[in-house]
Amino acid sequence: MGRMHIILDDITKIKADAIVNAANNTLLGGGGVDGAIHRAAGSELLEECRKLNGCETGRAKITKGYNLPAKYVIHTVGPVWHGGNDNEDQLLAACYRNSLELAIENGIKTIAFPSISTGVYRFPVRRAAKIALGEIFRFLNGNSSIDKVVMVCFDEKTMEAYVEALDEIEEKR
Ligand code: ADP
């Protein structure tokens, strides 16, 4: 597996240099993983987020982690699934790529991702898993400064999708 790991866990419990938040365009909190991260980090996270003036879909912004075990939170905004013809695949890939680029700029060596867009935003999870892992591997191949990337799955179905996507990628190598 090398630098890529897939685990079943709650991302708010992960001790990494950074965890990634599947945020919305306002960056002012919401449901799902976003709500969980804000609850665990405390109100200072929202205060810092208010100063960021939101975030475009596919882009990423960084804050401190406050009460989280992680030092930083990288907030990225996944695409809402509209059937697949609205640039969803490219935007999802951009979330992973831009989050990893921001991590490198900030000296981050260990980073944990949730399954971006596959909750409330309804992106099909198998398709999302292939895109996510493809993009992460492409990035790791070109960058040696990241030591560890963890995909944190919150339920069994999501975990299965990512493990299968990883198997497919490894078979092709
Ligand atoms: P989106 O709006 O991008 O779809 P969601 O938060 O609705 O974001 O869902 C994204 C994924 O995050 C889903 O698989 C959901 O089950 C998962 N998730 C929710 N809470 C947590 C958590 N505490 N840790 C990790 N993943 C979580």
Side-chain angles (χ1 to χ4, degrees), residues 4-43 45-46 49 52 54-100 102-103 108 110-136 148-166:
M4 177 76 225
H5 301 258
I6 300 169
I7 63 170
L8 190 62
D9 210 334
D10 174 347
I11 202 165
T12 65
K13 310 278 190 246
I14 303 294
K15 195 170 186 255
D17 293 338
I19 63 168
V20 176
N21 181 16
N24 58 49
N25 294 118
T26 69
L27 296 186
L28 299 180
V33 71
D34 194 5
I37 288 173
H38 275 273
R39 275 193 300 281
S43 59
L45 177 62
L46 183 57
C49 283
L52 298 178
C55 183
E56 284 172 35
T57 304
R59 308 291 306 178
K61 294 192 177 180
I62 191 165
T63 65
K64 289 187 270 184
Y66 299 98
N67 296 337
L68 290 164
K71 188 168 179 215
Y72 294 104
V73 180
I74 291 175
H75 306 262
T76 189
V77 184
V80 176
W81 180 257
H82 290 299
N85 293 317
D86 210 11
N87 225 22
E88 293 98 328
D89 291 353
Q90 292 78 2
L91 287 168
L92 186 64
C95 287
Y96 287 92
R97 192 169 61 248
N98 288 322
S99 296
L100 288 163
L102 196 52
I108 287 159
T110 58
I111 182 168
F113 283 95
S115 177
I116 298 165
S117 283
T118 67
V120 175
Y121 283 1
R122 302 183 320 273
F123 202 117
V125 66
R126 284 168 189 284
R127 184 171 175 137
K130 280 187 205 165
I131 292 167
L133 296 186
E135 202 59 37
I136 291 168
K148 189 174 173 183
V149 178
V150 186
M151 275 302 317
V152 183
C153 303
F154 202 51
D155 59 78
E156 299 278 357
K157 187 171 160 268
T158 302
M159 178 88 184
E160 274 172 36
Y162 281 81
V163 168
E164 270 184 32
L166 182 63

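Numbering of ligands and ligand atoms starts at 1, following listing order.
Partners of S43 by side chain to side chain donor-acceptor pair (under 3.5 Å), not counting sequence neighbours: none found. Applying the ring-ring contact (aromatic ring centres under 6.0 Å, His included) criterion to Y162, with sequence neighbours excluded, gives no partner residue. Partners of D89 according to the side chain to side chain donor-acceptor pair (under 3.5 Å) rule, which considers only residues two or more places apart in sequence or in another chain, are R127.
Side chains of I108 and I62 form a contact here, defined as non-hydrogen atoms less than 4.5 Å apart.
Applying side-chain contact (heavy atoms from CB on, under 4.5 Å) to F123 and the options I131, I116, V80 leaves one that passes, I131.
Looking at T76, its side chain does come within 3.5 Å of a backbone N or O of R59 through a donor-acceptor pair.
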Per-pair distances, ligand 1 N/O vs protein N/O, less than 3.5 Å:
| unit_1 | atom_1 | unit_2 | atom_2 | d |
| --- | --- | --- | --- | --- |
| ligand 1 | 3 (O) | S117 | N | 2.9 |
| ligand 1 | 4 (O) | S117 | O | 3.4 |
| ligand 1 | 4 (O) | G119 | N | 2.8 |
| ligand 1 | 4 (O) | V120 | N | 3.2 |
| ligand 1 | 4 (O) | Y121 | N | 3.0 |
| ligand 1 | 6 (O) | V33 | N | 2.8 |
| ligand 1 | 7 (O) | V120 | N | 2.8 |
| ligand 1 | 9 (O) | G119 | N | 3.4 |
| ligand 1 | 23 (N) | D10 | OD1 | 2.9 |
| ligand 1 | 24 (N) | I11 | N | 2.9 |

